[in-house]
2 protein chains.
Amino acid sequence: MGWEEIRAEVLSRIRARAWAPGAVIPGEEALAEEFGVSRATVNRALTELARAGVLERKRKAGTRVAALPVRRATFDIPVIRAEVQGRGQAYGIRLLREEISRPPVAIAAQLGWPILGGEAQGAMLCLETLHLADGRPFAHELRWLNPGVLPDPRPDFGAVSANEWLVAHVPFVTGDIAFSAEAAGEEVGRAMGLDPATPVLVTERCTWGEAAPVTWVRLTHAPGYRVKTVV
Amino acid sequence: MGWEEIRAEVLSRIRARAWAPGAVIPGEEALAEEFGVSRATVNRALTELARAGVLERKRKAGTRVAALPVRRATFDIPVIRAEVQGRGQAYGIRLLREEISRPPVAIAAQLGWPILGGEAQGAMLCLETLHLADGRPFAHELRWLNPGVLPDPRPDFGAVSANEWLVAHVPFVTGDIAFSAEAAGEEVGRAMGLDPATPVLVTERCTWGEAAPVTWVRLTHAPGYRVKTVV
DNA sequence: CGCCGCATTATGTCCAGACATAATACGAAA
DNA sequence: TTTCGTATTATGTCTGGACATAATGCGGCG
């Protein structure tokens, strides 16, 4: 009996409703004896199930079957170049705009960039990029970047996408992501060759390094793009 | 030194580029000795980092820093009722349609439902539901459900949403999810009181139980809805 | 020269025991 | 009766040892 077998057995008991949602299941000691393994092995299996959201564990209170199991999905955020090439298409990048200026207050606030008197303090690097797949627009990227994380001179973002440069040089940051559906709008529509009213999937990411904000980015994907995940 | 401290130390060495992307890091034995802990503790820390996508581990080959760190995000799929109530709004549900019929071939194929001669074999339960928040449309749900997983008589899906009934009674299934942006369209637009051209976020889920397909569902969210995740 | 099998090696898992920690429940004090 | 402290208890983590497993790479055989 390995911990994966224990996990499977526990899961099947939950499925079979031998242990009902909300109910406390036997303690690790008891299960260890029943399955003929050490407590550490049971612990590994139950910890794994708790991480998956199937069980809820608390010291002293014991382990109970999650009453309202929140399904947890994970998805990978690929580097766009890898994503395009993974589809067997040729990747291209076109830098539309690169300038240093003050970010809009809304973006500065989200990043935690200093704001004084209703205006952002200090300039950031603003990049507007078009990602191409087989020469056709694949995604439009609007990015504000903390110049403090960049070397001097700056990398050539017309050759390497900012995202790719960042994951290679400012790795393992934290951040949050949001998906929404919007109309392409005038500016992005013109850049991507779309009617301004076209529905497009928009990804907004906000990432921080160890202390300082790193970047805010808004990706507008071409129509038909889907974000896929596995539960 | 607990395993979390080990993890933090390893992570900071990676950030500081003491261990470069792609490079092999010292073996567990060596790290255990350096940190003055047992190998099991180092193993726990490294396993955790590998799960997060920061390290890649292979037997015999050793542990190396991920060269192209694929950022992995997780998000929770809440029960809609809980989501609405979590915003402090009143939840309501309106069952628009409930009928037994053959699913479209595209949906049957995706579920692995038997198809013969270009037509789905056997009927499924089709539900069309509107979820309300404070009386206003929150999401439109179109669902095809394997009647084999339901008891006889069927639950009252006008009172409990199918999703909620399923997570409580057919728990811990696998599935996949896809997000996309589309125009609301005639039918959904009418149900939600939206112009057919309005961009809306659409979630499509396909879930399977232990052996049989369970359900296919397409959720159309009200404009402005965002799916949020944390990296 | 090329291919296959085996020794080597790093990770994966397991055990038995121990102490740490958090949270509950119960008893004592106000 | 209420509140506070404490004993109890289940989980969390660690140790040091062991064997299992997979993948590499080398040496030998055809």
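Order of the sequence lines sets the chain letters (A, B, ...), proteins ahead of strands, with each chain counted from 1. The basis for the numbers below is simple: all heavy atoms, side chains too, and nothing from hydrogens, waters or symmetry mates.
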At under 4.0 Å, does any side-chain N or O of [X] touch on OP1 or OP2 of [N]?
X: B:Thr41; N: D:dT15; value: yes
X: B:Asn43; N: C:dT11; value: no
X: B:Thr63; N: C:dA10; value: no

So which atom in A:Val105 and which in A:Ala120 form the shortest heavy-atom distance, rounded to 0.1 Å?
CG2-N, 4.3 Å
Could you tell me which non-hydrogen atom of A:Ala73 sits nearest to which non-hydrogen atom of B:Ile177, and how far apart they are?
CB-CD1, 4.2 Å
Is the gap between the ring centers of A:Phe179 and B:Phe75 under 6.0 Å?
no
Check every atom of C:dT13, C:dG12, D:dG12 against the side chain of A:Arg57 and return the nucleotide holding the closest atom.
D:dG12
Given D:dG12, D:dG16, C:dT11, which nucleotide is nearest the side-chain atoms of B:Ser38?
D:dG16
Taking atom types as they are modelled, is there a donor-acceptor pair under 3.5 Å from the base of C:dG12 to the side chain of B:Arg44?
no
Tell me whether [X] contacts the main-chain N or O of [Y] through its side chain, where contact means a donor paired with an acceptor under 3.5 Å.
X: B:Trp113; Y: B:Gly122; value: yes
X: B:Asp134; Y: B:Ala90; value: yes
X: A:Arg64; Y: A:Gly22; value: yes
X: B:Glu33; Y: B:Ala30; value: no
X: B:Thr215; Y: B:Trp144; value: yes
X: A:Asn146; Y: A:Gly148; value: yes

Pull out every stem in DNA chain D, meaning runs of 3 or more consecutive Watson-Crick or G-U wobble pairs with both distances under 3.5 Å.
C:1-30 with D:1-30
Quickly work out the [X] [atom1] to [N] [atom2] distance and round it to whole Å.
X: B:Leu46; N: C:dT13; atom1: CG; atom2: C1'; answer: 15 Å
X: A:Glu48; N: D:dT13; atom1: CD; atom2: C1'; answer: 16 Å
X: B:Glu29; N: C:dT8; atom1: CD; atom2: P; answer: 17 Å

Show each protein N/O and nucleotides 23-25 of chain C N/O combination with a separation under 3.5 Å, one pair to a line.
none

